[in-house]
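For ligands, and for the atoms within them, numbers begin at 1 and follow the listed sequence. If you read the sequence from its start, that first residue is 1, and numbering goes on from there.
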Amino acid sequence: MKVAVVGTGKMGREVEAVLRERGHEPVMVGRADAFPAGCAVGIDFTRPDAVVENVKKALAARARYVVGTTGWSDRADEVRRLVEAAGGGLVHAANFSVGVNLFYRIVREAARTLAAFPDYDPYVLERHHRQKKDAPSGTAKTLAEILEQAGGRRRRAVTSLSAPLKNDEFLVSAVRAGGIVGEHTVGFDSGGDEILLEHRARSRRGFALGAVLAAEWIASRTGVFGFDAVLADLGERV
Ligand SMILES: NC(=O)c1ccc[n+]([C@@H]2O[C@H](COP(=O)([O-])OP(=O)(O)OC[C@H]3O[C@@H](n4cnc5c(N)ncnc54)[C@H](OP(=O)(O)O)[C@@H]3O)[C@@H](O)[C@H]2O)c1
């Protein structure tokens, strides 16, 4: 399958390698390039402010689209409307790692259990490389939503503080340093002890593989989906 790789940065190069390994034909698309003709799907790892225009170009070319770029959730409704109006297909996820999607499930179960024990304050801490443009990460936002939905006493995520946490709040914070690929910690601290859950990405390959699996999956479908729909079909229900 001919696949447009939109964005030729760190993730774009990793996606190119995985596409070749899986027998596809990647076509690399830089910032100034038009969407290439004849591509069944495009995979986008660019920057938040480029996503809507890139989706429009892919729809005009009748290509399905996979968006791995993070930081554009404020425009998610607009993108959904565009894709549905055009009869197109799109998969988007803040994290295309299978392991992270399993981590979501573990955190969901832990958060439900801990919700009955209000002494245990939840928090989310994420760490990424110094070049990452958004904070907190899309993955940290998803983890925060899972904690918010668990029904515990602290069910409101906050990302900055100018006074102590209120009784219903928990903190989501970020570190930016060096070359950290991506690490997410969910903690529950009672004051007397702490329960820690952590996911560490060791390379970008896992993200790239997930995005390519999503491209293969969406090529023959219409609608707007998350990575959970892809994994469910592949037998990895999350
Ligand atoms: N979903 C996931 O699993 C996952 C995993 C890792 C990263 N990400 C996200 O993926 C995005 C990219 O990450 P990265 O580490 O690959 O960043 P990166 O190394 O900075 O690469 C981004 C590339 O996109 C290019 N670009 C920007 N606008 C473009 C446009 N309109 N058309 C084509 N190319 C364009 C940039 O070119 P210039 O240098 O000229 O701006 C750059 O080469 C980020 O939002 C990151 O958070 C998601």
Asks: Under a 4.0 Å N-O cut-off, is there an ion pair linking R221 with D233?
Replies: yes
Asks: Go through ligand 1 atom by atom and flag the ones less than 4.0 Å from a non-hydrogen atom of R47.
Replies: 27 (C), 28 (N)
Asks: Ignoring hydrogens and angles, tell me if any N or O in the side chain of R22 forms a donor-acceptor pair with the backbone of V18 under 3.5 Å.
Replies: no
Asks: Enumerate the atoms of ligand 1 whose separation from the nearest heavy atom of G68 is less than 4.0 angstrom.
Replies: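 Here the atoms of ligand 1 in question are 1 (N), 2 (C), 4 (C), 8 (N), 9 (C), 10 (O), 48 (C).
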Asks: Between F96 and F227, does the ring centre distance come in under 6.0 Å?
Replies: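 F96 vs F227: aromatic centres under 6.0 Å.
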Asks: For residues 10-17, please give each side-chain donor-acceptor pair under 3.5 Å, one per line with the distance, not counting sequence neighbours.
Replies:
unit_1 : atom_1 : unit_2 : atom_2 : d
K10    : NZ     : Q131   : OE1    : 3.1
R13    : NH1    : T8     : O      : 3.1
E16    : OE2    : R20    : NH2    : 3.0

Asks: Heavy-atom contact under 4.0 Å between K133 and ligand 1?
Replies: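 Right, K133 reaches ligand 1.
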Asks: Has ligand 1 got any nitrogen or oxygen that is less than 3.5 angstrom from a nitrogen or oxygen of G12?
Replies: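 No, G12 has no N/O under 3.5 Å of an N/O on ligand 1.
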Asks: Should you measure from each heavy atom of A50, which atoms of ligand 1 turn up under 4.0 Å away?
Replies: 28 (N), 31 (N)
Asks: I'd like to know whether CZ of R176 has more than 12 heavy-atom contacts from other residues, nucleotides or ligands below 6.0 angstrom.
Replies: yes
Asks: May I ask you to identify the nearest protein heavy atom to atom 2 (C) of ligand 1, giving residue, atom name and distance to one decimal place in Å?
Replies: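 Going atom by atom, the protein heavy atom closest to atom 2 (C) of ligand 1 ends up being A94 O, 3.4 Å.
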Asks: Distance to 0.1 Å, residue and atom name: give those for the protein heavy atom nearest to atom 24 (O) of ligand 1.
Replies: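 Nearest protein contact, heavy atoms only, for atom 24 (O) of ligand 1 is T46 CA, 3.4 Å.
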Asks: Under 4.0 Å from a heavy atom of V29: which atoms of ligand 1 are those, numbered in the order shown and with their elements?
Replies: 33 (C)
Asks: Just by distance, no angles: are the side chains of N95 and T139 close enough, under 3.5 Å, to form a donor-acceptor pair?
Replies: yes
Asks: Return yes when G71 approaches ligand 1 closer than 4.0 angstrom through a heavy atom, no otherwise.
Replies: no
Asks: Could you tell me whether S97 approaches ligand 1 through its side chain, its backbone, both or neither, with non-hydrogen atoms closer than 4.0 Å?
Replies: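 The answer is neither.
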Asks: Hey, are E109 and R112 close enough for a salt bridge, meaning a charged N less than 4.0 Å from a carboxylate O?
Replies: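 Between R112 and E109 there is no salt bridge, as every charged N stays at least 4.0 Å from the carboxylate O atoms.
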Asks: To check your reading of the model: name the closest protein heavy atom to atom 45 (O) of ligand 1, its residue, and the distance in Å.
Replies: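 Here the nearest protein heavy atom works out to T70 N, 3.1 Å.
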Asks: Report the part of K132 (side chain from C-beta onward, or backbone N, CA, C, O) that has a heavy atom under 4.0 Å from ligand 1; answer both or neither where that applies.
Replies: side chain
Asks: At what distance is the nearest protein heavy atom to atom 4 (C) of ligand 1, and which residue and atom is it?
Replies: F45 CE2, 3.6 Å
Asks: Does F170 sit in a hydrophobic cluster with other residues, and if so which ones, taking ILVMFWY side chains as linked at heavy-atom separations under 4.5 Å, directly or through other members?
Replies: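 Under the 4.5 Å side-chain rule, F170 groups with V100, F103, Y104, I106, V107, L114, F117, Y120, V124, L143, I146, L147, V172, V186, F188, I195, L197.
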Asks: Side chain, backbone, both or neither: which part of P48 comes within less than 4.0 Å of ligand 1 when only heavy atoms are counted?
Replies: neither
Asks: Mark up the atoms of ligand 1 that fall under 4.0 Å of a heavy atom belonging to F96, in ascending order.
Replies: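 This gives 1 (N), 2 (C), 3 (O) as the contact atoms.
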Asks: Which residue and non-hydrogen atom of the protein lie closest to atom 13 (O) of ligand 1, and at what distance in Å?
Replies: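 Scanning the protein heavy atoms, the shortest distance from atom 13 (O) of ligand 1 goes to M11 CG, 4.2 Å.
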Asks: Could you tell me whether the side chain of V181 reaches within less than 4.5 Å of the side chain of R204, counting heavy atoms only?
Replies: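 Side chain of R204 against side chain of V181, heavy atoms only: contact under 4.5 Å found.
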Asks: May I ask you to say whether K166 pairs ionically with D168, meaning some side-chain N is under 4.0 Å from a carboxylate O?
Replies: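 Looking at K166 and D168, the cut-off is not met.
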Asks: May I ask you to say whether K141 pairs ionically with E126, meaning some side-chain N is under 4.0 Å from a carboxylate O?
Replies: no
Asks: Any N/O of F207 closer than 3.5 Å to an N/O of ligand 1?
Replies: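 No: no nitrogen or oxygen of F207 is under 3.5 Å from one in ligand 1.
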Asks: Record the part of N54 in heavy-atom contact with ligand 1 below 4.0 Å; permitted values are side chain, backbone, both and neither.
Replies: side chain
Asks: Below 3.5 angstrom, do we get any N/O pair linking K10 and ligand 1?
Replies: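 Indeed, backbone or side chain, K10 has an N or O that close.
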Asks: Could you tell me which non-hydrogen atom of V51 sits nearest to which non-hydrogen atom of T46, and how far apart they are?
Replies: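 Here V51 and T46 meet closest at CG2-OG1, 4.5 Å.
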Asks: Just need the protein heavy atom nearest to atom 36 (C) of ligand 1, so name the residue and atom and give the distance.
Replies: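 Scanning the protein heavy atoms, the shortest distance from atom 36 (C) of ligand 1 goes to R31 NH2, 4.6 Å.
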Asks: Can a salt bridge be assigned to the pair E169 and R156 using a cut-off of 4.0 Å between side-chain N and carboxylate O?
Replies: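 Salt bridge flag = yes for R156 with E169.
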Asks: So if I count the atoms of ligand 1 from 1 in the order they appear, which ones are less than 4.0 Å from some heavy atom of G7?
Replies: 24 (O), 33 (C), 34 (N)
